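Remarks on the structure that follows.
In this text, all values refer to a predicted model and were calculated from it rather than measured experimentally. Residue numbers begin at 1 in each chain, while the letters A, B, ... track the order of the sequences.
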Amino acid sequence: MKIISCIKQVYDLDIVLENDWVVDETTNKINIDYANLIMNPYDETALELMLRITDSSKDIKTEVITIGNKKSEAILRKALAIGVDDATRIEIDHELINNPFNIAKLLHHKIKDDKEVKLVLCGRQSDIFNHGQTGQILAEKLGWSCFTNVFNITYKDSYFNVSRTTSSGIEHIKTNNPLVVTVTQSPNMFLRMATLMNTMKAKQKPINFISKELSEISEDTNEKFYNLEKLTVEKSKKNCIYLNENKNKSINLQLSDLINNSLNKGVK
Amino acid sequence: MKIALITDYNILNTNHEINSVLSKISNLNPKTNNLKIDLLYISKQTIIKPITLEQVNEIHIYNQIEEPNNISNLIKVALHYNNIYTPDLFISCLKENQDAFIPQLASKLSIESFLNIESIKFDNETQKFNVIKPIYSGNVLGHYIVSDRAVLSFTKEKTSSKLIKVSNVPIIKYIDYTDATTLKDDIVTFEKVVPSGIKDAKFVIVCGYGVGSANNIELLKDYAKSVNAVICGTKKVIDLGWLPMNTLIGTTGQIISPDICLTIGVSGAAPLLNGIIKSKLIIAINKDKDARIFNYADYGIVGDYKDIIEKEHF
Amino acid sequence: MEKTEVINFFETVLGKERVVTNEEVLQEFATDITGLRMVQKHFGWKSENLASCILKIHTKEEAVTVMKFINENKIVSIPRTGGSGVCLGLETPSHSVVIDLSEMNEIIEINEENFTITAQAGVPLQVLEETLNKKGYTSGHFPQSLPLAQMGGLVATRSIGQFSTLYGGIEDLLVGLEGVLPTGELVFIKNNPRKSTGPDLRHIWLGSEGAFGVITEVTVKIFKLPEERVMQAFAIEEFQTGLDIIQEIVQAGWKPAVTRLHDKTEAKESYGPFIKEDEGVLLFISEGPQGFASLEGNAVKNVCLKHKARELGSKPLELWLAHRNDICDHLDMYAKQGAVADTCEISAMWSDIGKIYNEVISRVAKEVPYLVAVTGHSSHSYVQGTNIYFMFGAMCAPSVEAAEKTYNQIFGIIMETTLKYNGSIAHHHGVGRYRSKWMKEELGSSYEMLKKLKSAFDPNGIMNQGVLIPVE
């Protein structure tokens with residue numbers, strides 16, 4: 001049996017400075033080139049979930065796949081260093097990468113003939129475009145069932161136990177396989193770190209490489225979907241009124257008055 | 001122009017989610033564009049309560065479907081409808097499963113799909129739809145030109161938008177559909193845990209990393225109880241396991257719009273802001289006077305929340 | 001004396017609510033935020049040694065009464081303010097008493113004529129700085145612990161800030177203070193710009209780590225907020241080149257407030273997109289009156305260019321300013337990823353600092369089996385030398401229990417190498433209980449002076465027993 005995690009290299013948006021969320025008029029882009037390239041945080045969670053499954057079932061093989069340029073091999077090496085067995089990079093024309101149909105198509109092409117694969121994990125979404133659809137489209141193409149917003153998955157007695165969030169609560173599902181899950185954030189699920197020694201070893205490991213034109217894979221005409229016309233940044237900032245300690249009224253009294261007044265107004 | 005809304009019994013029961021979608025598509029100029037809105041109603045029950053959605057032209061009732069929440073069934077029904085009417089847009093008004101339903105239906109139809117969009121417009125010059133949705137983790141809005149038809153959903157939120165009166169009584173059609181699957185997508189067992197009503201709460205307290213510890217949140221829970229508020233958390237707080245998953249507020253969690261949203265130790269990252277920005281009143285407490293949250297709060301208190309929230313709780 | 005008697009006495013002096021005996025709180029006060037403890041706590045560590053109680057002191061008179069009682073009854077006691085120590089200096093031996101001054105938190109005076117601020121020991125540095133900023137001043141003191149630390153503790157641990165190359169460490173900022181000796185005498189060192197009246201008694205308190213008494217009030221310098229700021233970053237190929245550049249700049253007489261050199265591993269982690277593979281990064285901020293900063297900035301740039309450093313603009317500094325204290329969030333994070341991580345800062349003369357850096361990095365990488373990374377940066381420079389701030393992380397493998405062994409191994413290598421090249425084992429975190437085992441070697445023949453000071457000030461050896469000088 002084999003499990004696959006699909007991972008993507010993205011900009012670390014957490015370090016972007018507040019004042020840099022500005023659209024450059026000439027390029028129609030946000031200049032965040034100074035942000036480091038990291039593994040998409042949702043993919044990190046998915047990868048850690050995969051490794052936790054194999055921690056207890058050693059005979060399960062694991063693989064990571066990424067779609068991107070040579071630079072994105074950094075995240076594959078990281079995955080290899082923390083114990084993933086195999087890594088594959090699929091090359092794609094940069095223009096086409098922001099379309100989840102293209103990504104799903106390439107992943108489907110890679111996964112479809114491997115009968116060993118019983119589970120594919122994808123992060124629920126990735127930056128910059130946050131489409132949040134790759135895993136679902138992949139599942140549709142494979143004809144497998146699909147669970148979204150998964151925060152935990154374990155394997156026992158040839159079933160997967162999936163926990164996921166929905167808008168009305170949490171679901172715990174015991175399911176057959178094969179299946180695709182899209183992973184959301186998860187409490188206390190941080191990607192393990194690689195020792196320096198394993199990082200060095202991972203540098204020597206081979207990475208499978210696939211370079212195929214989309215047209216070789218299928219005749220679908222959705223390659224050019226998602227025509228992003230422009231970007232805008234909404235700055236609907238408010239004029240915050242600051243509460244300060246004063247002689248007549250303590251700050252906590254001011255706060256509780258504010259709360260009570262607003263709640264009463266709400267009732268009317 | 002034809003738009004198909006897809007809904008199930010859960011939603012129709014509380015009309016407001018459909019009304020919210022109807023208000024968001026009201027700017028598509030129904031009159032000039034000769035807009036027709038159909039509602040696909042998928043249910044197990046035969047009889048439904050009277051429907052008063054006057055913007056809707058036709059209601060297509062696919063009833064007696066054993067598992068109306070099953071994604072395969074939803075897709076089958078949509079395809080069945082599509083074969084006859086070929087709508088320009090499918091818009092999901094589903095409560096569950098729409099994250100999977102939307103892209104999968106789009107994939108079947110080879111058309112575009114957009115999840116959680118903010119708004120949609122129709123450009124009369126190009127005769128194309130324009131969709132606006134958050135990108136860059138909610139820091140930026142992307143304006144997309146839809147190439148042809150599309151399947152989409154709006155951000156989940158509670159709104160009280162006003163609807164335009166059109167004085168129309170929808171035509172109800174019962175569809176005889178028997179091709180539904182009865183197997184739940186390979187599910188062996190299923191258990192659901194429903195949380196306390198965050199969406200309906202009038203007063204929500206959002207805890208950020210700045211509250212300091214899981215222990216402090218326990219103390220805040222006492223306070224919340226005393227003022228009848230519900231406690232929620234930011235991504236970081238959930239990541240750290242200080243609060244359960246179902247209390248997550250933000251782009252990837254719940255979008256709320258209570259009468260009061262009190263944030264404590266929240267710095268104000270974009271995904272979180274998107275989750276609370278529609279609150280009627282935002283009060284922020286943070287030690288850091290430069291915290292981004294103050295730019296979006298109605299009232300701000302710079303200081304340690306332990307000194308501000310009534311002392312007996314700490 | 002029985003524990004209940006002790007507590008009864010304190011309760012009569014302070015009132016019941018200011019004598020804390022709740023076990024959970026005692027557990028929280030049993031240690032500080034040392035990296036090793038952070039990971040151990042994450043995996044369920046609990047201290048076996050709890051204090052009898054925590055005393056919340058509100059006035060200097062209370063401090064005097066408490067200290068007299070403690071001395072008469074020979075009770076080991078731990079003075080404490082913000083609790084942000086990282087050297088186990090705040091660990092409570094069993095039956096000890098914590099003297100917590102964090103509620104003595106009033107700013108007493110801002111003197112705009114003499115440019116000083118007087119504050120009680122428990123005033124958080126952040127509050128002090130924000131108060132000053134509102135009036136157009138700054139303390140010039142920005143340690144990474146800024147969000148946590150309080151004034152008394154900063155003096156007691158010989159703290160330093162990120163802008164120290166211009167403003168100096170706390171020893172350069174402290175003007176006068178008030179404290180209570182272990183034997184109960186309230187002592188006051190008046191404010192003067194400089195004096196020649198015997199040894200500078202302030203230095204008994206600076207770095208005293210609670211071993212010579214408790215600090216109740218301090219007066220520190222204030223500065224005008226800078227009118228001008230010049231920020232510039234450079235990439236360099238070799239760490240030693242960076243050290244040479246800084247040496248040349250400070251020896252030429254310039255004092256860029258922020259003077260930092262990050263090695264290639266840190267540079268890649270924080271400034272990856274700005275640099276080429278294996279480059280280090282130099283960061284400078286010059287600030288001061290109009291004209292001064294740009295003058296200094298030019299000089300800094302010229303030295304950098306002369307050494308073939310590549311200009312990176314000011315963006316890396318903007319990022320550094322925004323994220324410089326984020327590390328406080330990360331310590332816990334490493335534990336959650338199953339790793340033990342900490343920092344260790346040492347200093348040495350220009351002739352030796354490069355050797356220490358190289359030897360530590362290569363030895364740790366070679367000798368520590370479960371190492372994740374070891375990195376270093378120089379962040380506080382002087383005419384005679386600089387510091388290196390090592391950061392390290394290692395997996396808690398093969399078991400969680402092994403984390404302590406790994407931690408000790410890495411620290412051991414850093415301490416050993418530093419001493420080998422006559423460096424100092426602690427640049428600004430202090431000694432605490434963790435580094436005290438190296439103090440004899442650190443001080444050499446002058447260790448005797450430290451011991452004599454300790455026995456003179458604290459004849460019963462009760463004040464923060466175990467810091468600076470290990471318990472034998």
Which residues in residues 297-304 of chain B have a heavy atom less than 4.5 Å from any heavy atom of chain A?
-> B:A297, B:D298, B:Y299, B:G300, B:I301, B:V302
Chain B contacts, top residue of [options] (heavy-atom pairs, under 4.5 Å):
options: A:L13, A:T134, A:T165; answer: A:L13
options: A:A139, A:S186, A:G132, A:S250; answer: A:S186
options: A:K141, A:Q254, A:Q133; answer: A:Q133
options: A:L253, A:N161, A:V162, A:I251; answer: A:I251
options: A:P187, A:P100, A:S163; answer: A:P187
options: A:T166, A:I173, A:L228; answer: A:L228

In this structure, are over 12 heavy atoms from other groups packed under 6.0 Å from [X] atom [atom1]?
X: A:N239; atom1: CG; value: no
X: A:K118; atom1: NZ; value: yes
X: A:N260; atom1: CG; value: yes
X: B:K289; atom1: NZ; value: yes
X: A:K112; atom1: NZ; value: yes

Quick one, [X] and [Y] - any side-chain contact, counting heavy atoms below 4.5 Å?
X: B:M245; Y: A:T184; answer: yes
X: A:I259; Y: B:I260; answer: yes
X: B:I282; Y: A:K238; answer: yes
X: A:K224; Y: B:S147; answer: no
X: A:I30; Y: B:N139; answer: no
X: A:N149; Y: B:D99; answer: yes

Without hydrogens or angle criteria, can the side chains of A:S262 and B:D259 be said to hold a donor-acceptor pair below 3.5 Å?
->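 No pair is found: no donor N or O on one side chain lies under 3.5 Å from an acceptor on the other.
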Please look at [X] and chain A and tell me whether the side chain, the backbone, both or neither of the residue comes under 4.5 angstrom of a heavy atom of that chain.
X: B:K235; result: both
X: B:I283; result: side chain
X: B:A270; result: neither
X: B:F101; result: neither
X: B:P244; result: neither

Which residue out of [options] racks up the most heavy-atom pairs below 4.5 Å with chain A?
options: B:N130, B:L243, B:V131, B:I111; value: B:I111
options: B:A100, B:S113, B:G241; value: B:S113
options: B:I75, B:I132, B:V140; value: B:V140

Classify the ring geometry between A:F129 and B:Y136 as parallel (under 30°), tilted (30 to 60°) or perpendicular (over 60°).
->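 Aromatic pair A:F129/B:Y136 classed tilted.
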Does the pair A:L231 and B:H143 meet the rule for a side chain to side chain contact (heavy atoms under 4.5 Å, CB included), with working shown?
-> CA-CA 6 Å; A:L231 308 176; B:H143 300 243; 5.8 Å; no
If I measure from the heavy atoms of chain B, does [X] come under 4.5 Å with its side chain, its backbone, both, or neither?
X: A:D14; result: neither
X: A:F190; result: side chain
X: A:Y42; result: side chain
X: A:Q125; result: side chain
X: A:D127; result: side chain

Once you round to the nearest 0.5 Å, how far does [atom1] of [X] lie from [atom2] of [Y]?
X: A:Q136; Y: B:Q104; atom1: CD; atom2: CD; answer: 7.0 Å
X: B:I285; Y: A:L255; atom1: CD1; atom2: CG; answer: 5.5 Å
X: B:L115; Y: A:T148; atom1: CG; atom2: OG1; answer: 9.5 Å
X: B:F190; Y: A:E171; atom1: CZ; atom2: CD; answer: 3.5 Å
X: B:L281; Y: A:L263; atom1: CG; atom2: CG; answer: 9.0 Å
X: A:S256; Y: B:I308; atom1: OG; atom2: CD1; answer: 12.0 Å

Taking side-chain hydrogen bond (donor to acceptor under 3.5 Å, both in side chains) as the test, write out the residues that go with A:E48, two or more places apart.
-> A:R52, A:R192
Does the pair B:D239 and A:M189 meet the rule for a side chain to side chain contact (heavy atoms under 4.5 Å, CB included), with working shown?
-> CA-CA 7 Å; B:D239 278 345; A:M189 196 66 69; over 6 Å; no
Could you tell me whether a side-chain N or O of B:E112 sits under 3.5 Å from a main-chain N or O of A:Y226, the two making a donor and an acceptor?
->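 Yes, B:E112 side chain to A:Y226 backbone: donor-acceptor pair under 3.5 Å.
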Aromatic ring proximity, centroids under 6.0 angstrom, B:F294 and A:Y242 = yes
